[in-house]
Amino acid sequence: MTELVLYNTRTRTKERFEPIEPGHARVYSCGPTVYAPQHLGNLRAYLMADLLRRALEAEGLRVTHVVNITDVGHLVSDADTGEDKLEKAAAASGRSASEIADEYTEQWRRDLRRVNCLEATVYCKATEHIAEQIALARTLEAKGYTYRIDDGIYFDTSKFPRYAEFAHLDLGGQEAGARIGDVPGKRHGADFALWKFAPPGVKRQQEWDSPWGRGFPGWHLECSAMSTKYLGAPFDVHTGGVDHVAVHHTNEIAQSECALDIHPWVRFWLHNEFYDFGGEKMSKSKGNLLVLEDLVDRGFDPLAFRFFFLQGHYRQQQSFTLEAMEAAATGHRRLLSAALEVRGAPGEAAPDEIAVHRERFCQAVRDDLNAPRALAVAFEVARSADLGRAARRALLLEFDRFLGLDLATALPRVAASGGDPRIDALVAEREAARKRRDFADADRIRDLLAGEGIAIEDTPAGPRWRRG
Ligand SMILES: [Zn+2]
């Protein structure tokens, strides 16, 4: 048994993790639909999977991590209606679907590298696994789980008695009932497409021949087909955003358990909560989409965003605001400064000096990847007057295998002196706060800047700032 305990959505309890195959953990993560930039909210799912990966490796396990890239079949609506997101983006921009997919895949991979997510073992694209998806749908058809309507081949959820179990669905509920009318001929609200026919008279950019006619796979099929191909079945952990529980993951389970005659198909299901953005969900329609590059443009170190992520537990909603991001950047700089201070410390740490801190850090990681608690232990160590410099150096480097903040090499970010528009703006903001006699806000901004080593001097001509 490993010491790692994870919250399993399937059982709604925390369970001790043990890989099915001794010494080897097999993990699948639902990846991005690459029709638009991946925003900060999207990144949380991959940061969580990265923590899981690092925690499994800390237990001495080899990890095979598979992440899919959805580049076809994800429709605008979960009810199998509406346009394909990729085709829609292509039509709107005049570019090809594959060009768009390549661009946003590259952006996503670059952002993952910048926040220190470890490379997955396999990144697999839906469009490169059409044959596997057709084979899976054929198996389901041969076993009698499917039916054909004008629109495509559908999975009959009434034939899978456990369908409602995973997400605790109320299938008689209004929402499920409402979805039935969306596609004429659909037998039950929850039934979903395995294969969609290309609409008559419409030439899609992405369509393939199949035993049922020309068309494209339903979105859920790819994750069942590709995870089985690269990980076998059953496998250990499946991760994704909490929004996938009710539909996407429920459908993946239905397809896989019926096709493979297996239960449970996956032992552990981990789901991350959302970021909320000043009380609102980040979304394209609200126009509050921020991507990592936007933070970089505002002078943030990408790893400060990783630090922000570590400040919240993945199963809790976390509020993202630029103010919270400033606070995270300050915390990040402080930890880097403390690590920098002991970086060259000579000598070896005494084992008994570090054992108790190591133990507390490991306990935090092993308690369902409790990053905020792990981070707090790292700060205690960084600030501890009782620990020698060599001990602090050794511990911080060890902790960083989980935290991923480059504590061994990164430097606290200091913008080039003078003419820094971000700091100019903050100083102006503080001045405005003083003018409206909001001294608490003014002091907050002053402290924020002091954390970056910036002093403000109030002169008769107005405020001036300098470093040091
Ligand atoms: Zn998926």
Side-chain angles (χ1 to χ4, degrees), residues 8-10 26-36 38 41-50 52-53 64-80 84-86 101 104-105 108 112 117 120-130 132-133 136-137 140 155 157 160 163 166-167 169 190 192-196 216-260 262 264-274 314:
N8 187 356
T9 304
R10 187 172 67 79
R26 288 169 291 162
V27 180
Y28 184 89
S29 299
C30 283
T33 300
V34 285
Y35 71 108
Q38 289 289 296
N42 299 134
L43 289 183
R44 196 177 192 193
Y46 313 111
L47 284 161
M48 173 197 66
D50 185 64
L52 171 69
R53 160 94 173 266
T64 302
H65 185 203
V66 177
V67 185
N68 71 303
I69 294 164
T70 300
D71 54 358
V72 69
H74 194 167
L75 303 188
V76 171
S77 154
D78 266 349
D80 291 313
D84 184 318
K85 291 183 178 186
L86 253 305
Y104 294 126
T105 300
W108 171 69
L112 293 190
C117 286
T121 321
V122 177
Y123 292 101
C124 41
K125 294 181 183 176
T127 51
E128 290 173 359
H129 296 78
I130 300 297
E132 288 85 346
Q133 296 179 72
L136 180 59
L140 291 168
F155 184 96
T157 53
F160 179 51
Y163 186 79
F166 180 71
L169 295 176
F192 56 92
L194 298 169
W195 189 263
K196 296 264 288 184
F216 58 100
W219 170 42
H220 315 295
L221 202 54
E222 66 182 73
C223 289
S224 292
M226 297 195 287
S227 63
T228 303
K229 172 168 179 172
Y230 293 105
L231 295 172
F235 63 89
D236 297 298
V237 193
H238 194 313
T239 76
V242 69
D243 55 328
H244 287 335
V245 175
V247 180
H248 182 52
H249 289 167
T250 287
N251 291 349
E252 281 186 35
I253 290 169
Q255 294 164 160
S256 302
E257 298 204 349
C258 292
L260 302 166
I262 208 169
W265 167 50
V266 178
R267 286 267 182 97
F268 280 80
W269 287 83
L270 263 62
H271 291 99
N272 63 283
E273 260 296 343
F274 289 123
Y314 74 88

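Just so it is clear, the values below take in all heavy atoms, side chains as well, and ignore hydrogens, waters and symmetry mates. In what follows, residues are counted from 1 in the order of the sequence shown. Note that ligands are numbered from 1 as they come in the structure, with each ligand's atoms numbered from 1 the same way.
Backbone or side-chain N, O or S atoms of His248 reach the Zn ion (ligand 1) at under 2.8 Å. Taking 2.8 Å as the threshold, Cys223 counts as a candidate ligand of the Zn ion (ligand 1), since one of its N, O or S atoms lies below it. In summary, Cys30 places an N/O/S atom under 2.8 Å from the Zn ion (ligand 1), meeting the contact criterion.
His238 and Glu252 share a side-chain donor-acceptor pair at under 3.5 Å.
Looking only at N/O/S atoms, Glu252 comes nearest to the Zn ion (ligand 1) through OE2.
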Step by step, work out the ring-ring contact (aromatic ring centres under 6.0 Å, His included) result for Phe166 and Trp265. CA-CA 12 Å; Phe166 180 71; Trp265 167 50; 9.5 Å; no
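Using modelled atom types, no side-chain atom of Thr70 and backbone atom of Val34 make a donor-acceptor pair closer than 3.5 Å.
Distance check, rounded to the nearest 0.5 Å: CZ of Phe268 to OG1 of Thr239 gives 14.0 Å.
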